[in-house]
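Shown next, in structure tokens, is the structure this report addresses.
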Amino acid sequence: MDITKAIIPAAGLGTRFLPYTKAVPKEMLPLLNKPALQYIIEEGLASEIKQFFIISSRGKQAIEDY
């Protein structure tokens with residue numbers, strides 16, 4: 001059975017990282033030089049996953065722009 005789709009839950013407020021997450025969503029926090037979300041997508045692509053669904057909450061325009 002091949003997995004071709006991935007669902008990434010990117011909702012939530014990130015209250016443990018306040019006040020930084022007031023300006024930047026927690027999924028966009030940099031790990032080394034890239035946002036955390038990019039690492040997830042790269043791992044999925046390496047595993048031959050072709051479709052990604054990112055479930056986000058309101059106010060996370062930075063994820064959509066990225």
Side chain of Tyr66, backbone of Pro35: donor and acceptor closer than 3.5 Å?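 Not at all, since once roles are kept as given, no pair shorter than 3.5 Å links the two residues.
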Other residues, nucleotides and ligands only: do more than 12 of their heavy atoms fall within 6.0 Å of [atom1] on [X]?
X	atom1	answer
Glu48	CD	no
Glu43	CD	no
Leu18	CG	yes
Leu13	CG	no
Asp65	CG	yes

Test of understanding: with side-chain hydrogen bond (donor to acceptor under 3.5 Å, both in side chains), list the residues that count as partners of Lys50, not counting sequence neighbours.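 Applying side-chain hydrogen bond (donor to acceptor under 3.5 Å, both in side chains) to Lys50 gives none.
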Do Leu29 and Ile8 belong together in a cluster built from hydrophobic side chains that touch within less than 4.5 Å?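 Per the 4.5 Å side-chain linkage, Leu29 and Ile8 are co-clustered.
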Test of understanding: clusters of I, L, V, M, F, W, Y form through side-chain heavy atoms closer than 4.5 Å, transitively. Do Phe17 and Leu37 belong to the same one?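 Cluster IDs for Phe17 and Leu37 match.
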Can you tell me how far the [atom1] atom of [X] sits from the [atom2] atom of [Y], to the nearest 0.5 Å?
X	Y	atom1	atom2	value
Glu27	Thr21	CD	OG1	10.0 Å
Ile40	Lys34	CD1	NZ	12.0 Å
Lys26	Ile63	NZ	CD1	8.0 Å

If you compare all heavy atoms of [X] against all heavy atoms of [Y], which two are closest, and at what distance to 0.1 Å?
X	Y	value
Ile3	Lys5	CG2-O, 3.6 Å
Tyr39	Asn33	OH-N, 4.3 Å
Ile49	Thr4	CG2-O, 3.6 Å
Ile54	Ala10	CG2-CB, 3.7 Å

